[in-house]
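No experiment lies behind these values; they were computed from the predicted model shown. Residue numbers start from 1 in every chain, and the chains themselves are labelled A, B, ... in the order their sequence lines are given, proteins ahead of strands.
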Amino acid sequence: MSETTTVHIADAKHATTHHEEHGHHQQSFISKYIFSMDHKTIGKQFLITGIVWAVIGGLFSVIFRLQLGYPDTTFPILETFFGKWAKGGQIQPEFYYSLVTMHGTILVFFVLTAGLSGTFANILIPLQIGARDMASPFLNMLSYWFFFIAGIVMASSIFVQTGPASSGWTMYPPLSALRQAGDGQKIGTDLWLISMALFIISSLLGGLNYITTILNMRTKGMSMTRLPLPIWAMFFTAVLGVLSFPVLLSGAILLLFDRNLGTSFYLSDIVINGEILPNEGGSAILYQHLFWFLGHPEVYIILLPAMGMVSEILSVNSRKPIFGYMAMLGSLFAIAILAFLVWAHHMFVAGLNPFLGSVFVLLTLLIAVPSAIKVFNWLTTIWRGNIRFTPAALFAIGFVSLFISGGLTGIFLGNSTIDIHLHDTMFVVAHFHIVMGVASMFGMLAGVYHWFPKMYGRYLNNTLGYIHFWVTIVGAYLTFWPMHYQGLAGVPRRYLDKSGWVNFNQFGELDKFITVVSMIVFVAQFIFIINFFYSIYKGRKVRTANPWGANTLEWTTPINPGHGNWEGDIPEVHRWPYDYGKDGREFIPQTEPVGASESKH
Amino acid sequence: MQTLLISAILVLFLVVIFQIAKASEYVAMIRGYENARKQSNKINAFLLLAFLAIGLIGVYYCNELFKDKILGEPASNHGVLVDRMLYVTLGITFVVFVVTQIALFWFAYKYQESDNRKAFYYPHNNTLELIWTVIPAITLSVLVGFGIFYWFKITGPAPRDAMVVEVVGKQYGWEFRYPGADGILGKKYFKKINPANNNPVGQLWEDPANHDDVFVEQEMHLVVGKPVQLVIGAKDVIHSVGLVHFRLKTDAVPGTPTTMWFTPKFTTKEMKEKTGNPDFVYEISCDQMCGKGHWSMRGTIVVETQEEFDAWVASKTPQYLVANPDKDPARQMENTDAAPLTGAIIR
Ligand code: HEM
Ligand SMILES: [Cu+2]
Ligand SMILES: [Cu+2]
């Protein structure tokens with residue numbers, strides 16, 4: 001817990017009563033808020049950076065939705081802002097594809113990976129396991145700053161002459177490998193790859209830290225089976241990331257080689273713009289294997305933290321234990337293992353050997369079993385509860401609803417027979433936005449509403465929270481539900497204008513509708529953002545240490561915990577975190593020893 | 001100006017919402033937070049139930065609105081299998097969807113906080129958990145079983161009598177090659193590709209199997225009721241041959257040929273009647289992001305009777321002769337009055 005940049009002056013009061021080391025430090029502004037090594041501050045940095053990226057990524061989607069809803073209308077304002085990319089107020093195809101690519105990359109990696117794991121792993125792990133900080137606060141700080149630089153590089157690609165990468169967030173070669181293929185395949189793609197490499201380093205530094213901390217720094221009595229579920233979820237998330245991100249890194253580096261050093265890892269038999277390329281013997285499919293070996297675990301990297309937090313929030317607000325703690329753990333474990341064994345379901349029609357395809361069908365649909373267990377356990381958790389609908393609880397319930405809807409469409413796609421028809425259609429877009437995009441966003445928002453009092457010592461405004469929730473869940477369903485129908489009709493994804501097609505042009509009105517709804521949802525997010533920043537400074541003050549009546553350790557810290565979290569000794573843990581409503585008691589914190597007369601479960 | 005106005009309205013809207021929220025905070029302060037909380041709890045519980053009801057009606061409405069705009073009758077043998085699998089899955093998942101969503105929102109409503117109720121301490125129940133592990137597992141096994149069975153039928157080897165057509169994707173269009181009378185596609189090599197010299201596919205002219213191959217662009221012709229195997233490739237980047245009505249799709253990957261076979265069930269004419277759309281055509285959509293023209297990478301297919309097809313092929317000159325006009329027997333006849341060489345050249 002050493003502070004290298006500041007003089008360590010222990011507050012006199014704390015020096016006498018507590019460990020001197022963990023009293024208040026006097027820190028300079030820079031070491032406290034910028035190059036901070038306090039896990040809570042780093043968590044907030046991830047969160048706020050994530051919010052900024054979410055606004056940018058969301059704005060991009062609104063712009064390309066304009067094109068989808070109103071392909072024939074011109075929007076002069078776009079030309080004002082984007083110049084040649086929106087010549088005559090009309091979004092140019094290159095620009096459209098850049099927007100789609102940036103939207104996907106930003107939301108998947110910067111918002112729902114860094115913004116979600118980075119925020120809550122940092123804030124919750126030490127607080128909930130009873131540690132003063134991460135195992136390595138310094139690496140933890142580096143993790144944030146690598147993420148920050150990755151963001152700067154990505155943002156800079158928006159301003160280069162030929163524009164940002166435009167091959168889709170999956171960045172498949174040969175398209176992404178060939179400068180001749182288009183503007184977005186020029187310097188923008190190199191910047192994309194460099195940014196991803198930096199991002200991967202950030203996520204590895206973070207992940208290794210989370211794993212080490214959870215394994216080694218639990219307080220006395222905090223056995224692994226007494227860990228709150230968010231911690232288990234973060235643990236598996238980190239393991240997934242540490243094992244799969246390096247594979248993506250290798251894929252990205254090979255792609256950089258193909259682009260810049262004349263290698264042929266992914267290239268073979270190519271004639272582009274009349275130019276015959278010398279490359280022979282490479283395999284474009286190799287990249288897809290490397291990408292999806294990360295790509296599929298990645299979707300669970302995004303989802304698991306949300307699942308963990310939702311479990312916690314549902315239990316706390318139902319005033320009832322989570323149902324089937326061990327089954328929840330087991331299913332998390334099963335999902336984490338299976339997540340590594342299903343990647344080729346993204347490649348059923350890429351020319352995969354049919355037998356291999358059938359193996360992946362089996363493994364893919366197997367994943368639905370632990371997913372189903374989780375859903376039933378959540379349902380049973382709220383069953384016969386005494387539910388308080390805090391905004392966090394509402395978002396958690398919304399999460400379960402979305403996860404059901406999106407998980408079920410996964411059963412269509414995981415079945416290769418059906419996937420032949422649905423692959424790369426709007427159906428896939430609907431599937432992953434509901435199950436991953438919106439659901440994880442709901443998990444993240446639930447987490448923010450729930451732990452905001454711990455982060456800032458103030459409450460968010462409830463009324464704004466309710467308005468935010470209702471607009472968002474209604475809007476999300478209205479946006480993505482109808483896309484299933486487009487997909488069933490075979491409308492391919494990433495088509496910016498369908499009017500030239502005889503069989504795909506029947507959804508003009510629908511596309512307008514979706515565009516309008518998505519704009520409303522986007523604007524509604526500012527209700528949250530205003531609430532968030534306003535409440536940091538002006539929100540109602542938290543006056544009790546444990547406002548939700550929760551059992552976990554973070555609520556035993558002072559209302560505004562300093563660096564080191566607990567002023568005295570770290571509390572000892574005597575029980576699991578879910579004794580709600582036991583023996584007629586509202587809740588029994590983990591720190592309370594098990595009484596002699598207590599009933600067993 | 002208009003944009004300015006809209007922005008102004010938006011900002012105003014946010015400000016109003018914000019003021020309402022602040023006011024609600026003051027009201028809560030006056031009436032007591034506990035009371036305010038209880039009241040909003042009731043409101044939200046009710047809204048959850050309303051959301052469920054309206055949502056389910058919405059699902060029904062959406063279905064009514066779109067059901068005629070989507071699938072239609074599958075137009076290939078494999079399409080029938082795909083649709084059957086789709087409807088079975090839809091049936092099962094729909095039941096699960098309705099039951100679980102109702103449970104979720106109904107429980108939320110029913111078990112909203114009330115002073116008269118104590119939450120039921122219920123940490124686990126092994127029997128229940130076993131049941132809802134086993135039932136999904138069995139259901140999914142059934143789906144997997146059918147799925148794989150159909151999958152092998154669809155991806156299995158093409159029948160012997162299948163005709164062969166080569167499909168090549170390029171930025172942004174489709175090229176097709178028919179093997180001609182010998183039924184064999186001649187060898188090709190990408191470094192020979194030279195559209196200016198009338199060799200768009202890179203055929204090797206020294207391979208005699210190439211001499212009768214016919215090359216066309218953008219429009220593919222198929223015979224109704226006759227199995228066809230597509231041999232799929234790409235010149236520049238990955239594309240995907242998407243055939244909506246046949247319910248099929250396979251990627252076109254440069255350097256790695258892929259195949260797909262099926263039997264068209266209806267001619268284009270028949271489909272015009274079935275769909276009631278006189279402009280109906282079978283379309284080939286590129287389904288894999290391939291650059292700025294991806295969305296417009298459209299090809300068409302004409303499905304016709306054998307006679308119509310034969311007549312169409314007969315009207316085409318083999319690419320070999322297009323590229324090497326001096327080898328054209330018709331021309332040679334004009335020039336030299338020699339005996340017809342047809343047999344010798346078009347083997
Ligand atoms: C029941 C469980 C699930 C199954 C069986 C399943 C199956 C699939 C399959 C087969 C695809 C490929 C579809 C295609 O491209 O043709 C797919 C796409 C996708 N799934 Fe799922 N999925 C499930 C749950 C999830 C979850 C929980 C997430 C995220 C948290 C997720 C995120 C995604 C994403 C992001 C894609 C699209 C990637 C892209 O092509 O851009 N899925 N899913
Ligand atoms: Cu996947
Ligand atoms: Cu294409």
query: At a heavy-atom separation under 4.5 Å, does A:Ser176 approach chain B through its side chain, its backbone, both, or neither?
result: neither

Option that, when pairs with chain A are counted at under 4.5 Å, heavy atom only, ranks first among B:Thr259, B:Thr133, B:Thr139, B:Asn277: B:Thr133

Options A:Gly182, A:Gly385, A:Gly490, A:Gly581, ranked by heavy-atom pairs under 4.5 Å with chain B, top entry: A:Gly385

field: Engaged part of A:Gln288 at the chain B interface, taking heavy atoms whose separation is under 4.5 Å
entry: side chain

field: Side chain / backbone / both / neither for A:Leu464 at chain B, heavy atoms under 4.5 Å
entry: both

task: Against chain B, work out which of A:Asp583, A:Val474, A:Ile418 has the most heavy-atom pairs shorter than 4.5 Å and name it.
output: A:Ile418

statement: Turns out that what part of A:Val100 lies under 4.5 Å from chain B's heavy atoms comes down to neither

task: Identify whether the distance between the nearest side-chain nitrogen and carboxylate oxygen of A:Lys538 and B:Glu25 falls below 4.0 Å.
output: no

query: Within the side chain of B:Lys249, is there an N or O that forms a donor-acceptor pair under 3.5 Å with the backbone of A:His423?
result: yes

Side chain, backbone, both or neither of A:Tyr485 within contact of chain B (heavy atoms, under 4.5 Å): both

- prompt: Relative to chain A, which segment of B:Lys170 carries a heavy atom at a distance below 4.5 Å: side chain, backbone, both, or neither?
  reply: neither

- request: Heavy atoms only, distances under 4.5 angstrom: which of A:Gly324, A:Ser358, A:Pro492 has the most pairs with chain B? Name it, please.
  value: A:Ser358

field: Heavy-atom contact with chain A under 4.5 Å, split by part of B:Gln171
entry: side chain

- request: Measure distances from B:Ile193 to the heavy atoms of chain A and classify the residue's part below 4.5 Å as side chain, backbone, both or neither.
  value: both

query: Can you tell me if OH on B:Tyr109 sees more than 12 non-hydrogen neighbours from other groups inside 6.0 Å?
result: no

message: Less than 4.5 Å to any heavy atom of chain B: does that hold for the side chain of A:Ile397, its backbone, both, or neither?
response: both

statement: Cut-off 4.5 Å, heavy atoms of chain A, and the answer for B:Cys62 is both

statement: dist B:Glu129:CD -> A:Thr380:OG1 (nearest 0.5 Å) comes out at 8.0 Å

- line: Applying a strict 4.5 Å limit to non-hydrogen atoms, the region of B:Val59 in contact with chain A is both

message: Is the distance between the ring centroids of B:His294 and A:Tyr495 under 6.0 Å?
response: yes

Check: residues 141-157 of chain B side-chain donor-acceptor pairs under 3.5 Å, at least two apart:
| residue | atom | partner | partner atom | Å |
| --- | --- | --- | --- | --- |
| B:Ser141 | OG | B:Ala137 | O | 2.6 |
| B:Tyr150 | OH | B:Arg84 | NH1 | 3.2 |
| B:Trp151 | NE1 | A:Pro354 | O | 2.8 |
| B:Thr155 | OG1 | B:Trp151 | O | 2.7 |

message: Is any side-chain heavy atom of B:Met289 closer than 4.5 Å to one of A:Tyr172?
response: no

- request: Among B:Ile17, B:Thr275, B:Leu10, single out the residue with the greatest number of heavy-atom pairs under 4.5 Å to chain A.
  value: B:Ile17

task: Tell me, for A:Ser331 versus chain B, whether the close heavy atoms (under 4.5 Å) come from the side chain, the backbone, both or neither.
output: neither

- line: Counting heavy-atom pairs under 4.5 Å with chain B, the top scorer among A:Tyr477, A:Tyr97, A:Trp501 is A:Trp501

query: Which atoms form the tightest heavy-atom contact between B:Lys69 and A:Phe507, and what is the distance?
result: O-CZ, 4.0 Å

- request: Assess whether atom NZ of B:Lys42 is packed by more than 12 heavy atoms of other residues, nucleotides or ligands within 6.0 Å.
  value: no

task: Please report the closest heavy-atom contact between B:Leu140 and A:Leu365, naming both atoms and the distance.
output: CD1-O, 3.5 Å

task: Quick one: which of B:Leu86, B:Thr258, B:Leu128, B:Thr250 has the most heavy-atom pairs under 4.5 Å with chain A, could you say?
output: B:Leu86

field: NZ or CZ of A:Arg585 within 45° of B:Tyr121 ring axis and under 6.0 Å
entry: no

Nearest heavy atoms of B:Phe66 and A:Pro482, plus distance in Å: CE1-CB, 4.4 Å

- request: Indicate, with yes or no, if the rings of A:Tyr96 and B:Trp295 have centres closer together than 6.0 Å.
  value: no

statement: Whatever's closer than 4.5 Å to a heavy atom in chain B on A:Ser405 counts as both

field: 4.5 Å side-chain heavy-atom contact, B:Phe94 and A:Leu408
entry: no

- prompt: CG of B:Leu104 to CH2 of A:Trp378: how many Å apart, nearest 0.5 Å?
  reply: 10.5 Å

- request: Heavy atoms only, distances under 4.5 angstrom: which of A:Trp470, A:Phe355, A:Tyr578, A:Phe95 has the most pairs with chain B? Name it, please.
  value: A:Trp470

task: Of all the heavy-atom pairs spanning B:Ser114 and A:Asn386, show the shortest one and how long it is.
output: N-OD1, 2.9 Å

- prompt: For A:Glu280, is it the side chain, the backbone, both, or neither that has a heavy atom closer than 4.5 Å to a heavy atom of chain B?
  reply: side chain

message: Which atoms of B:Asp83 are under 4.5 Å from chain A, going by heavy atoms: the side chain, the backbone, both sets, or neither?
response: neither

query: Side chains of B:Glu283 and A:Asn503: do they bring a donor and an acceptor to under 3.5 Å?
result: yes

field: Nearest heavy atoms of A:Ala489 and B:Val244, plus distance in Å
entry: O-CG1, 3.4 Å

- prompt: Do the side chains of B:Leu65 and A:Leu510 get nearer than 4.5 Å, heavy atoms only?
  reply: no

message: Is there a side-chain contact between A:Arg384 and B:Phe107 in this structure, where contact means two heavy atoms from C-beta onward sitting under 4.5 Å apart?
response: no

Side chain, backbone, both or neither of A:Ala327 within contact of chain B (heavy atoms, under 4.5 Å): both

Residue A:Leu488 versus chain B: region with a heavy atom under 4.5 Å: both

- line: dist A:Phe389:CZ -> B:Leu47:CG (nearest 0.5 Å) comes out at 10.0 Å

message: Counting heavy-atom pairs closer than 4.5 Å to chain A, which one of B:Phe105, B:Tyr33, B:Trp106 comes out on top?
response: B:Tyr33

query: Hey, does A:Ser318 have a side-chain heavy atom less than 4.5 Å from the side chain of B:Tyr111?
result: no

statement: Under 4.5 Å to a heavy atom of chain B? For A:Ser166 that would be backbone

- request: Look up atom CD1 in A:Ile276 and atom OH in B:Tyr189, then write down how far apart they are to the nearest 0.5 Å.
  value: 9.5 Å

message: Please tell me whether A:Trp481 and B:Phe97 form a close aromatic pair, meaning their ring centres lie under 6.0 Å apart.
response: yes

- line: Nearest heavy-atom approach of A:Leu277 to B:Phe190 is O-CE1, 3.2 Å

- line: Counting heavy-atom pairs under 4.5 angstrom with chain A, the leader among B:Asn41, B:Ile20, B:Ile238 is B:Asn41

- request: Sort A:Ile373 into side chain, backbone, both or neither according to what part of it lies under 4.5 angstrom from a heavy atom of chain B.
  value: both

- prompt: Which region of B:His78, side chain (C-beta onward) or backbone (N, CA, C, O), has a non-hydrogen atom less than 4.5 Å from a non-hydrogen atom of chain A, or is it both or neither?
  reply: neither

- prompt: Checking heavy atoms, do the side chain of A:Pro173, its backbone, both or neither come under 4.5 Å from chain B?
  reply: backbone

field: chain A interface, residue from B:Met29, B:Arg37, B:Lys118, B:Met260 that has the most non-hydrogen pairs under 4.5 Å
entry: B:Arg37

- request: Look only at the side chain of B:Lys292 and the backbone of A:Pro93, and say whether a donor-acceptor pair between them is shorter than 3.5 Å.
  value: no

